[in-house]
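One structure below.
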Amino acid sequence: MSALTRHIPASHSGLWAGPSRFRSLTEAGVGAFLLLCATITVLTTAGIILVLGLETLEFFEKSKVGLLHFLTGTVLNPEGGKYGILPLIWGTFQVAAGSSVIALPIGLLSAIYLSEYAPSRVRAVLKPALELLAGIPTIVYGYLALLLVTPVLKAIFEPMGIPVSTFNVASACIVVGVMIIPLVSSLSEDVLSAVPRGLREAGYALGATKFEVSTRIVLPAGLSGVMASFILAVSRAIGETMAVVLAAGMRPQITLNPFDSCETMTTYIVSVTGGEASYGSPEYLSLFAVGMALFLSTLALNLLSEIVLRRYREVYR
Amino acid sequence: MSLPEIPVVSASSKVPAPSGVPAPSPAPAPVPPEAGPVLAAYHLSVWYGTSLALKDVTIEIPRNQITALIGPSGCGKSTLLRCFNRMNDLIPGARTEGVILCDGKEITSPDTDPVALRRRIGMVFQKPNPFPKSIHENVAWGARINGYRGNMDDLVERSLRRAALWDEVKDKLHRSGMDLSGGQQQRLCIARTLAVEPEVILMDEPCSALDPISTARVEDLMDDLKSEYTIVIVTHNMQQARRVSDMTACLMLDEDSRDKNRIGVIAEFSSTDLLFTNPKDPRTEAYITGRIG
Amino acid sequence: MSRPASSLYEPHRRIRVLAGPVFGAACFLATLTGVVVLSVLLGSIIATVLHRPGVHPWYDVASNTRDLYEFLKALVTRVRSRDPALAGFRIGIVGSLWLLVLVAVFAIPVGIGAAVFLEEYAPPGRLRRVIQTNIANLAGVPSIVYGILGLALFVRAFGLNRLALGPTLWAGGLTLGLLILPVIVIATQEALRTVPSSLRQAALALGATHWQVIRDHVLPVALPGILTGTILGLSRAIGETAPLLMVGAAGSILRLPRGPGDRYTALPVEIYNYAKEPSAEFSTIAAGGILILVVLLLSMNAVAIFIRNRYSRSVRG
């Protein structure tokens with residue numbers, strides 16, 4: 001093993017096993033396995049569409065409810081054979097709108113703070129804290145609504161003569177809003193931090209204050225990205241289940257009173273599974289029709305958010 | 001689209017070119033190994049997607065010598081180099097036309113296994129890119145995946161000595177290769193290449209990220225290695241080409257090049273002394289005297 | 001203001017300089033909501049747990065900690081009961097651990113495999129774009145829709161009784177596995193993208209096959225990122241309630257599952273069932289369960305975030 005041992009040309013050396021047949025077999029096997037994994041993700045989507053589609057068709061067949069009646073009916077009463085989805089849509093809309101009112105401004109302000117104001121050390125603590133918050137299961141927020149939010153609402157409003165129901169829309173809006181704040185702030189913060197430094201420096205060089213740079217240069221530059229995060233947050237609020245089940249209850253009705261209970265698309269699905277409906281009955285099948293409506297509305301919002309975000313990326317490339 | 005005919009300057013003074021211009025296919029009659037050029041390209045053109053990057057290149061790389069590829073930026077030096085071990089296969093949309101031979105065997109054909117080829121034709125990159133593993137593992141990995149059955153520690157030591165790095169690292173073989181200095185990292189990458197016992201080493205501007213002292217060490221090393229290996233080096237540094245190489249090919253931009261679409265051709269290929277003292281092509285002369293590039 | 005032209009500018013410096021800190025403070029407060037919510041949440045839940053007969057004053061930390069520990073220990077060992085004094089979460093905790101194992105066994109290999117396929121194998125083009133868009137959309141599908149999918153596909157198998165898994169751990173594990181697949185895929189893809197391509201080239205130039213490069217160089221470098229994404233995904237699976245309600249995790253199971261083919265219940269489902277009860281005693285039990293769940297999930301997430309922050313910048317160049 002002296003240092004200057006002459007290298008024997010590879011082809012003549014007996015020390016090399018050379019490529020084995022096993023090696024190409026491994027390559028092909030691994031490739032096939034990876035393709036299979038990727039296929040499973042596609043099959044999942046196909047499965048969702050297939051399940052929802054087939055069972056929804058069966059629902060319309062068995063319940064003798066027309067599509068138009070389903071979409072425009074204002075009464076939802078499976079025992080009476082009435083399947084109007086509007087009360088669910090109204091409930092979903094209330095919760096989504098109310099939680100957005102809370103989450104979007106707070107989320108945006110904290111995104112601005114994290115990206116523009118926070119010293120790096122504060123940021124290093126706050127960002128993981130927000131992420132931890134995002135990891136709390138939704139059932140916890142639902143329980144918090146029952147334990148804390150509704151009693152507080154009762155304590156405030158009942159002395160004023162406004163009755164507050166145990167399950168009510170307002171507390172659902174509050175807990176769902178708090179729940180989606182981390183989503184808004186972390187996605188918006190990513191977008192705002194990505195705004196080129198040169199833009200900020202240009203603003204400061206013209207004599208603008210930090211406030212002006214943040215609100216008039218950085219925010220407009222990242223606006224479509226911020227919008228995309230808003231849309232995604234609304235989509236999350238629409239799809240939220242457990243927090244709403246425990247906070248807003250399961251009574252399908254169209255009401256403007258935020259202290260009354262309501263039923264959303266997601267909670268209806270839970271109530272049907274938890275109920276007595278037998279497999280294959282129209283009531284049981286209606287959960288798939290409502291699930292289809294839920295799936296389509298969140299899908300539309302997610303696609304919209306992606307389109308908005310893509311436009312933002314194009315501006316900066 | 002018809003391209004104007006550009007005469008290919010391929011003749012070298014030392015190596016006999018095949019008689020006549022060989023047709024792209026079938027390949028010229030196989031030359032017995034050890035006699036002809038170790039690597040050769042005939043009428044090689046490379047496309048990236050729809051844009052031509054290298055046009056009608058013919059070159060023969062002589063065995064156990066150092067061949068330098070010089071020329072201005074974007075003229076396809078690296079592209080040509082990466083054709084020899086089919087690293088261009090990794091770029092989506094890359095496509096070659098023409099013949100590349102290694103020891104008389106065509107390497108662009110689908111039957112050639114690029115994996116086996118790359119083991120015989122090693123490569124050292126512009127930026128040192130050691131694996132984020134121990135120094136020992138950096139050298140041993142290539143040998144292990146190629147089924148080396150000898151004593152691994154001996155091989156690692158031999159390769160590191162050959163790359164003139166052994167004395168600096170022998171006490172810290174378990175330390176990460178990333179902890180070494182830039183020049184040491186590049187020599188580690190050379191040792192890693194040597195450990196799989198290739199026949200040819202392709203070097204893509206191996207010194208451009210190194211300081212002058214490290215550069216000098218790598219150049220000494222190349223001179224030392226050429227008794228056993230054939231080396232092809234791409235360099236921007238004409239002094240370096242002059243110092244280390246036996247043969248030099250000067251690549252140039254074709255007249256058809258546009259800003260976004262640069263097409264490289266070989267302007268001149270001859271012995272290094274001849275090319276630098278008595279360039280035949282006016283473009284080569286302009287480049288080596290610093291008027292282009 | 002000596003020069004005449006200057007009189008045309010009115011910088012309103014005082015107002016502008018004042019607006020900055022006010023806005024900054026608002027942003028800071030907004031960011032703090034998250035931290036405040038987290039503390040209120042944990043604080044109120046701990047307070048609920050401790051508000052049982054025989055409480056110590058709140059400042060008696062040692063006794064309170066001991067009480068809390070005794071209470072949680074009791075909850076872990078008891079099973080579901082009509083009597084609040086005897087109720088606990090043992091069956092649910094064991095069920096959740098079973099689910100964790102099943103989800104990990106299914107989702108980790110498939111998720112990493114799909115990501116490796118997309119990043120390292122799939123040629124850029126239509127196929128890759130389709131799979132990529134599909135995964136992005138799957139990530140936004142509400143969890144209850146996965147529950148519907150699991151119900152129709154795994155529990156019922158479209159009514160084909162011989163293929164149906166029934167409301168078993170298998171069905172729950174597969175459903176949750178599909179649910180977190182996009183999380184793992186996206187995190188793994190991001191981790192793979194940070195692996196410098198020079199590393200892949202170096203290995204290929206030595207005559208390594210595609211799979212050898214990935215196995216020995218790409219995956220080890222990407223491992224911290226993959227690990228972070230995987231833990232976050234698994235913790236999401238543990239906290240999910242809605243899909244489990246759909247695929248039949250019943251609350252009234254009184255014995256431990258004997259194997260993956262057995263019926264089961266899960267910790268969040270049991271929490272939901274206790275939280276629904278109107279009596280305060282059951283509410284306390286639910287709070288105890290939430291405490292167990294939140295401590296488990298927060299520690300999982302903290303480990304994940306720690307891994308990411310620790311290793312995110314270890315390999316460069």
Side-chain angles (χ1 to χ4, degrees), chain A residues 23 26-27 30-31 33-35 37-38 40-42 44-45 47-48 51-52 55 106 109-110 112-114 117 126 128-133 135-137 139-140 143-144 146-148 178 181-182 209-211 232 235 239 241-242 246 266 269-270 273-274 287-288 291 294-295 298-299 302 306, chain C residues 16-17 19-20 23-24 26-28 30-31 33-35 37-38 41 44 48 110 113-114 116-118 121 131 134-138 140-145 148-149 152-153 178 181 185 209-211 232 235 239-242 245-246 268 271-272 275 283 286 290 293-294 297-298 301-302 305:
Chain A
R23 191 156 98 169
T26 312
E27 286 295 303
V30 167
F33 171 74
L34 298 178
L35 178 63
C37 294
I40 287 179
T41 66
V42 177
T44 308
T45 308
I48 291 174
V51 164
L52 291 177
E55 305 275 356
I106 295 182
L109 285 182
S110 63
I112 292 176
Y113 177 77
L114 287 174
Y117 283 83
L126 282 180
L130 277 177
E131 279 177 276
L132 277 184
L133 205 62
I136 291 178
I139 179 114
V140 178
Y143 179 76
L144 197 69
L146 276 181
L147 177 78
L148 202 67
V178 166
I181 288 174
T209 63
K210 190 162 208 161
F211 169 58
L232 223 51
S235 159
T241 311
M242 292 323 287
L246 284 175
T266 52
I269 295 171
V270 170
T273 8
L287 82 85
F288 292 97
L294 173 67
F295 175 70
T298 52
L299 182 68
N302 293 343
E306 209 163 294
Chain C
R16 286 170 57 199
V17 165
F23 179 71
C27 290
F28 180 63
T31 315
T33 8
V35 182
V37 166
L38 193 63
L41 198 145
S44 63
T48 314
V110 174
V116 170
F117 178 80
L118 282 174
Y121 278 76
I131 301 179
N134 168 57
I135 288 172
N137 285 324
L138 275 183
V141 171
S143 60
I144 193 148
V145 173
I148 298 178
L149 175 71
L153 200 63
L178 289 182
L181 209 49
V185 173
T209 63
H210 203 160
W211 172 239
L232 288 178
S235 81
E240 277 294 348
T241 317
L245 291 177
M246 304 291 302
I271 293 171
Y272 170 63
S283 179
I290 283 178
L293 182 66
V294 167
L297 294 190
L298 287 190
N301 287 8
I305 292 168

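What's counted below: heavy atoms across the whole structure, side chains too, no hydrogens, waters or symmetry copies.
Residues A:Glu131 and C:Asn301 form no side-chain contact, since every pair of their non-hydrogen atoms from C-beta on lies 4.5 Å or further apart. In this structure the side chain of C:Thr33 never reaches within 4.5 angstrom of the side chain of A:Ser110, judged on heavy atoms. Within the 4.5 Å cutoff, the side chain of C:Leu149 has no heavy atoms near those of the A:Phe295 side chain. A heavy-atom distance below 4.5 Å is not found between the side chains of A:Thr273 and C:Leu245. Between C:Ile131 and A:Val42 the shortest side-chain heavy-atom distance falls below 4.5 Å.
Within the 4.5 angstrom heavy-atom criterion, atoms from both the backbone and the side chain of C:Leu41 approach chain A. Proximity to chain C involves both the backbone and the side chain of A:Ile106, based on heavy atoms less than 4.5 angstrom apart. If you measure heavy-atom distances from A:Leu35 to chain C, the contacts under 4.5 Å come from both the backbone and the side chain. Contact of A:Val140 with chain C is made through backbone and side chain together, with heavy-atom distances under 4.5 Å. Interface remark: A:Pro182 contributes no atoms to any contact with chain C (heavy atom separation under 4.5 Å). Only the side chain of C:Ile290 comes within less than 4.5 Å of a heavy atom of chain A; its backbone N, CA, C and O stay farther away. Looking at A:Ile48, both its backbone and its side chain come within 4.5 Å of chain C, counting heavy atoms on both sides. With a 4.5 Å cut-off on non-hydrogen atoms, C:Tyr121 touches chain A through its side chain but not through its backbone. Proximity to chain A (any heavy atom under 4.5 Å) is shown, for C:Ser235, by neither the backbone nor the side chain. In this structure, the portions of A:Thr209 lying under 4.5 Å from any heavy atom of chain C include both its backbone and its side chain. Proximity to chain A (any heavy atom under 4.5 Å) is shown, for C:Leu298, by both the backbone and the side chain. Contact annotation for C:Val294: only side-chain heavy atoms (C-beta onward) come within less than 4.5 Å of a heavy atom of chain A. In this structure, the portion of C:Leu293 lying under 4.5 Å from any heavy atom of chain A is its side chain and not its backbone.
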Going through the checks in order, is the side chain to side chain contact (heavy atoms under 4.5 Å, CB included) test met by C:Ser44 and A:Leu147?
CA-CA 8 Å; C:Ser44 63; A:Leu147 177 78; 4.0 Å; yes
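Of the listed residues (A:Leu299, A:Leu133, A:Leu146), the one with the most heavy-atom contacts under 4.5 Å to chain C is A:Leu133. Heavy-atom pairs under 4.5 Å with chain A peak, among C:Leu38, C:Thr209, C:Val37, at C:Thr209.
To the nearest 0.5 Å, atoms CG (A:Leu114) and CZ (C:Phe28) are separated by 10.0 Å. A:Leu52 contributes atom CG, which lies 5.5 Å from atom CD1 of C:Ile148 (distance to the nearest 0.5 angstrom). Atoms CD1 and CG, from A:Ile40 and C:Leu178 in turn, are 8.0 Å apart once rounded to the nearest 0.5 Å.
Here the closest non-hydrogen pair linking C:Val145 and A:Gly291 is CG2-O, 4.5 Å. The two residues A:Thr298 and C:Pro142 make their nearest non-hydrogen contact at OG1-CD, 3.4 Å. Across C:Ala286 and A:Tyr143, no two heavy atoms sit closer than the pair CB-CE1, 3.7 Å. Between C:Val110 and A:Cys37 the shortest heavy-atom distance is O-CB, 3.4 Å. In terms of heavy-atom proximity, A:Leu109 sits nearest to C:Ala30 at CB-CB, 3.5 Å.
Within the 3.5 Å criterion, the main-chain N or O of A:Thr41 finds a donor-acceptor partner in the side chain of C:Asn134.
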